2 protein chains.
Amino acid sequence: MSSKTSPSAARKAGPEQVKQSLRVWLKMLKATKHVEAVVRENLRVEFDTTLPRFDVMAALYRFEEGLKMSELSSALRVSNGNVTGIIERLVSDGSVLRVPVAGDKRAMLVRLTQRGRDEFARMAAAHELWINEIFGSLPVDVTAGLLATLDTIEHAQGLYSEGEHDA
Amino acid sequence: MSSKTSPSAARKAGPEQVKQSLRVWLKMLKATKHVEAVVRENLRVEFDTTLPRFDVMAALYRFEEGLKMSELSSALRVSNGNVTGIIERLVSDGSVLRVPVAGDKRAMLVRLTQRGRDEFARMAAAHELWINEIFGSLPVDVTAGLLATLDTIEHAQGLYSEGEHDA
DNA sequence: GCATGAAATTTCAAGCTTGAATAATTTCCG
DNA sequence: CGGAAATTATTCAAGCTTGAAATTTCATGC
């Protein structure tokens, strides 16, 4: 009768653990969305631009020599077609330049114009302050712990072969 | 000449702190996007649905009696017009029902159909497991610390009068 | 009753995002 | 060389998202 051996019981997640996981995730999501909303709003009001544009410019700022479309989309981890549209608008704004790649007629190199660089430098400076207004109040040991925990999350399940991590 | 008193120096954030804030934020954003991407992909592949739809259904699941469109959009913290489109699609899927509000011809109550409830229950169960796969490996004290830290972030700057917090 | 403003919702234009399909080019190999 | 496969980028349809404008209805005060 009592021969119930419950084979998978050892590795089974308790309902309490599942709930806690969910709770943490929802809070993390909420906090992230909150910060993102602040950044979006500030970008819109102070610089009349958007977060995706900002992200693209940030990537191009870092690679002065320019990036191929495919490099850009994989750096930002978004789809190819996505970047096409954003770059299009940045080009017509005069912030980004397209140059053909020597020796490969398929590829295009995109890079910031000087105007784009100046623009982004101003935005990045403001952005740093916005973020620091939110995160700057955390004690150093807390942010250190947060960094460590977030690292763990990223590597929690090696199911997805993450491409190159940017430094 | 040397009468520079630098009035704001006392409260000035050190460049090291700003950098650390930025580092934490970028990592938090990255981790959140990673988890979100997993959820989106799983919802798409296993249930042929989207995260926004899931979010709407989650809210409606919690309020069995239904919600007004305005209540729904403020619960999800998205724009009014946004919800309209999502509900439209959920209605034509047969997952959501619209009922007029007695005594107010402007308002509409939206609620899950039985089919919608069953659908969501299955999705929610799977969702819990996905999340637990990622967060379940964290030690209890770490998740506790994470929860506390995230709370601090939400309330770091009381610049925005947050509406009602959902429990 | 009636005007005036508030509230609830939809509509709209613009932009973001994805995954799939397409097109052009390059690379690999036989 | 010449064709199959891989790479690069764009196009496309569908859906999400926003803020603003428009619409309808309600509430208030006169």
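First the proteins, then the strands, lettered A, B, ... as listed; each starts at 1. Source: prediction; values computed, not measured. Worth knowing before you read on, the calculation uses all heavy atoms, side chains too, and leaves out hydrogens, waters and symmetry mates.
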Quiz item: Below 4.0 angstrom from OP1 or OP2 of D/dT18, is there any side-chain N or O of B/N82?
Solution: yes
Practice problem: For the pair B/E36 and B/K33, find out whether any cationic side-chain nitrogen is under 4.0 Å from an anionic carboxylate oxygen. | Solution: no
Self-check item: Phosphate OP1/OP2 of D/dC16 contacted by B/R53 side-chain N/O (<4.0 Å)
Solution: yes
Quiz prompt | Along DNA chain C (nearest heavy atom to each residue), the more 5'-positioned of A/G103 and A/V83 | solution = A/V83
Self-check item: Rounded distance in Å - CD1 (A/I87) to C1' (D/dT8)
Solution: 15 Å
Exercise. State which of D/dT18, C/dC16, D/dT17 makes the closest approach to the side chain of B/P52.
Key: D/dT17
Quiz item: Can you check the A/I86 CD1 to D/dA9 C1' distance for me, whole Å?
Solution: 15 Å
Quiz prompt | Whichever of A/R106 and A/E88 has its nearest DNA chain D nucleotide further upstream toward 5' | solution = A/R106
Quiz item: Whole-Å distance between C/dC16 P and A/R77 CZ?
Solution: 21 Å
Practice problem: Please round to the nearest 0.5 Å and tell me the distance separating atom CZ of B/R106 and atom OG of B/S70. | Solution: 9.0 Å
Quiz item: C/dC16 P sits how many Å from A/M57 CE, rounded?
Solution: 13 Å
Self-check item: Whole angstrom value for the distance that separates C1' of D/dC16 from CZ of B/R89
Solution: 7 Å
Quiz prompt | 5' precedence on DNA chain D between A/K33 and A/L109 (nearest-nucleotide basis) | solution = A/L109
Quiz item: Is the distance from OP1 or OP2 of C/dG15 to the nearest side-chain N or O of A/R44 less than 4.0 Å?
Solution: no
Quiz prompt | Phosphate OP1/OP2 of D/dA9: any A/K68 side-chain N/O under 4.0 Å | solution = no
Exercise. Decide whether a cation-pi geometry holds between A/R117 and A/Y61; the criteria are a distance under 6.0 Å from NZ or CZ to the six-membered ring centre and an angle within 45° of the ring axis.
Key: yes
Quiz item: What's the CE-P distance between A/M69 and C/dT17, to the nearest Å?
Solution: 13 Å
Quiz item: If you look at every strand shown and take non-hydrogen atoms under 4.0 Å, does A/S79 touch a base, only sugar-phosphate, or nothing?
Solution: base
Exercise. For the side chain of A/D104, starting at C-beta, report the closest nucleotide among D/dT18, C/dT25, C/dA8.
Key: C/dT25
Quiz item: When you check the gap from the basic side-chain N to the acidic O, do A/D93 and A/R53 get nearer than 4.0 Å?
Solution: yes
Practice problem: Kindly say if B/T50 contacts the phosphate of D/dC16, meaning a side-chain N or O under 4.0 Å from OP1 or OP2. | Solution: yes
Quiz item: Which part of the nucleic acid, if any, lies within contact of A/L51, taking any heavy atom under 4.0 Å across all strands shown: a base, the sugar-phosphate backbone alone, or nothing?
Solution: nothing
Quiz item: Just wondering, are more than 12 heavy atoms of other shown residues or ligands nearer than 6.0 Å to CG in B/D48?
Solution: no
Quiz item: Of all the choices, D/dA9, D/dT18, C/dT9, which nucleotide is nearest to the side chain of B/S70 once you look at every atom?
Solution: C/dT9
Practice problem: Whole angstrom is fine here: how far is it from NZ in B/K105 over to P in C/dA6? | Solution: 23 Å
Quiz item: B/N80 CG to D/dT24 C1': how many Å, rounded?
Solution: 14 Å
Quiz item: Hey, is the main chain of A/L51 close enough, under 3.5 Å, to the side chain of A/R40 for a donor-acceptor pair?
Solution: no
